[in-house]
Amino acid sequence: MINVDDRLLNELDESEMYLVLHIAKHMKSTRMTAWPSLDTLSKACNWDERTVKKHRQSLIDKGYLRMKMQPGKPTLYWFLKDGISVYTPIKTEDGIAENEGANIEGGTKNE
């Protein structure tokens, strides 16, 4: 589950937020880093690579995203500001995640 502080909606435009969500979906709460390829992000966002790079740079310029590029290794991403996180529910003894399948506020279902 991706958690986003709603105050970010005033600070990021729609395309930047869309890219944030696609990067965040590759993160786990235990590491809060991701390394999706440019091709993966391009396909997920349905954008060309140039558009991904443009919005990625905008997030970097605004101080929300950091990336580390190393030859022969995937690009590593992490968020620099609070307000974006990934939540992994605690599993019970029978292996079912806390609140799994429960209806939560807003009428959505926790999957």
Side-chain angles (χ1 to χ4, degrees):
M1 179 185 317
I2 300 169
N3 297 315
V4 178
D5 187 320
D6 63 356
R7 291 174 285 193
L8 296 180
L9 298 174
N10 296 324
E11 298 176 21
L12 302 176
D13 69 27
E14 300 87 15
S15 297
E16 292 165 339
M17 183 58 74
Y18 192 58
L19 182 57
V20 162
L21 295 174
H22 279 287
I23 292 171
K25 79 178 183 180
H26 291 279
M27 294 180 170
K28 292 188 179 176
S29 62
T30 55
R31 66 173 192 261
M32 287 305 297
T33 58
W35 48 91
S37 69
L38 188 57
D39 183 59
T40 296
L41 291 174
S42 179
K43 287 177 182 173
C45 294
N46 199 26
W47 296 337
D48 60 37
E49 290 185 2
R50 193 174 121 217
T51 302
V52 173
K53 287 179 181 180
K54 176 182 125 183
H55 296 302
R56 181 178 69 182
Q57 188 59 51
S58 179
L59 289 168
I60 291 168
D61 293 344
K62 288 182 176 183
Y64 282 90
L65 183 67
R66 182 161 183 200
M67 56 185 242
K68 181 178 182 181
M69 299 173 87
Q70 295 179 313
K73 293 185 178 183
T75 301
L76 182 65
Y77 297 96
W78 63 95
F79 297 114
L80 297 175
K81 294 192 178 184
D82 292 335
I84 306 164
S85 64
V86 179
Y87 168 73
T88 304
I90 297 172
K91 293 195 177 198
T92 61
E93 291 177 14
D94 57 2
I96 297 173
E98 177 184 56
N99 296 327
E100 186 171 308
N103 287 327
I104 57 176
E105 189 175 338
T108 61
K109 195 169 188 174
N110 189 9
E111 298 183 286

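Environment of NZ in K43: sparse, with no more than 12 heavy atoms of neighbouring residues, nucleotides or ligands closer than 6.0 Å. Annotation: E14, atom CD; neighbour count of heavy atoms from other residues, nucleotides and ligands within 6.0 Å does not exceed 12. More than 12 heavy atoms of other shown residues, nucleotides or ligands fall within 6.0 angstrom of atom CG in D39. More than 12 heavy atoms of other shown residues, nucleotides or ligands fall within 6.0 angstrom of atom CG in D13.
Scanning all heavy atoms of the two residues, the minimum distance from A34 to M27 falls at CB-CG, 3.6 Å. Residues I2 and V4 share a closest heavy-atom pair of CG2-CG2, 3.9 Å. Between L8 and G83, the closest heavy-atom pair is CD1-O, 3.6 Å. What you find for V52 and L19 is that their closest heavy atoms are O-CD2, 3.9 Å. The two residues S42 and E49 come nearest to each other via the heavy atoms OG-N, 3.7 Å. In terms of heavy atoms, P36 sits closest to L41 at CG-CD2, 3.8 Å.
Judged as a side chain to side chain donor-acceptor pair (under 3.5 Å), the pairs with a partner in residues 52-63 (not counting sequence neighbours) are, in order, E16-S58, E16-K62, R56-Y77, Q57-D61.
Taking CG of L59 as the reference point, atom CZ of F79 lies at 7.5 Å (rounded to 0.5 Å). To the nearest 0.5 Å, atom OG1 of residue T75 and atom CD of residue Q70 are 9.5 Å apart. Between atom CD1 of residue I84 and atom CG of residue L12 there is a gap of 6.5 Å, rounded to the nearest 0.5 Å.
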Query raised in the report: Would V20 and I23 satisfy side-chain contact (heavy atoms from CB on, under 4.5 Å), going step by step from the backbone distance to the final call?
Result: CA-CA 5 Å; V20 162; I23 292 171; 6.0 Å; no
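Grouping the Ile, Leu, Val, Met, Phe, Trp and Tyr side chains by contacts below 4.5 angstrom, directly or via other members, places L9 apart from L80. Hydrophobic clustering places M67 together with L38 (ILVMFWY residues linked when any side-chain heavy atoms are closer than 4.5 Å, directly or through intermediates). Under the 4.5 Å side-chain contact rule for hydrophobic residues, W35 and L21 do not share a cluster.
Ion pairing of D5 with R7 is present here, as a side-chain N (NZ or NE/NH1/NH2) and a carboxylate O approach within less than 4.0 Å.
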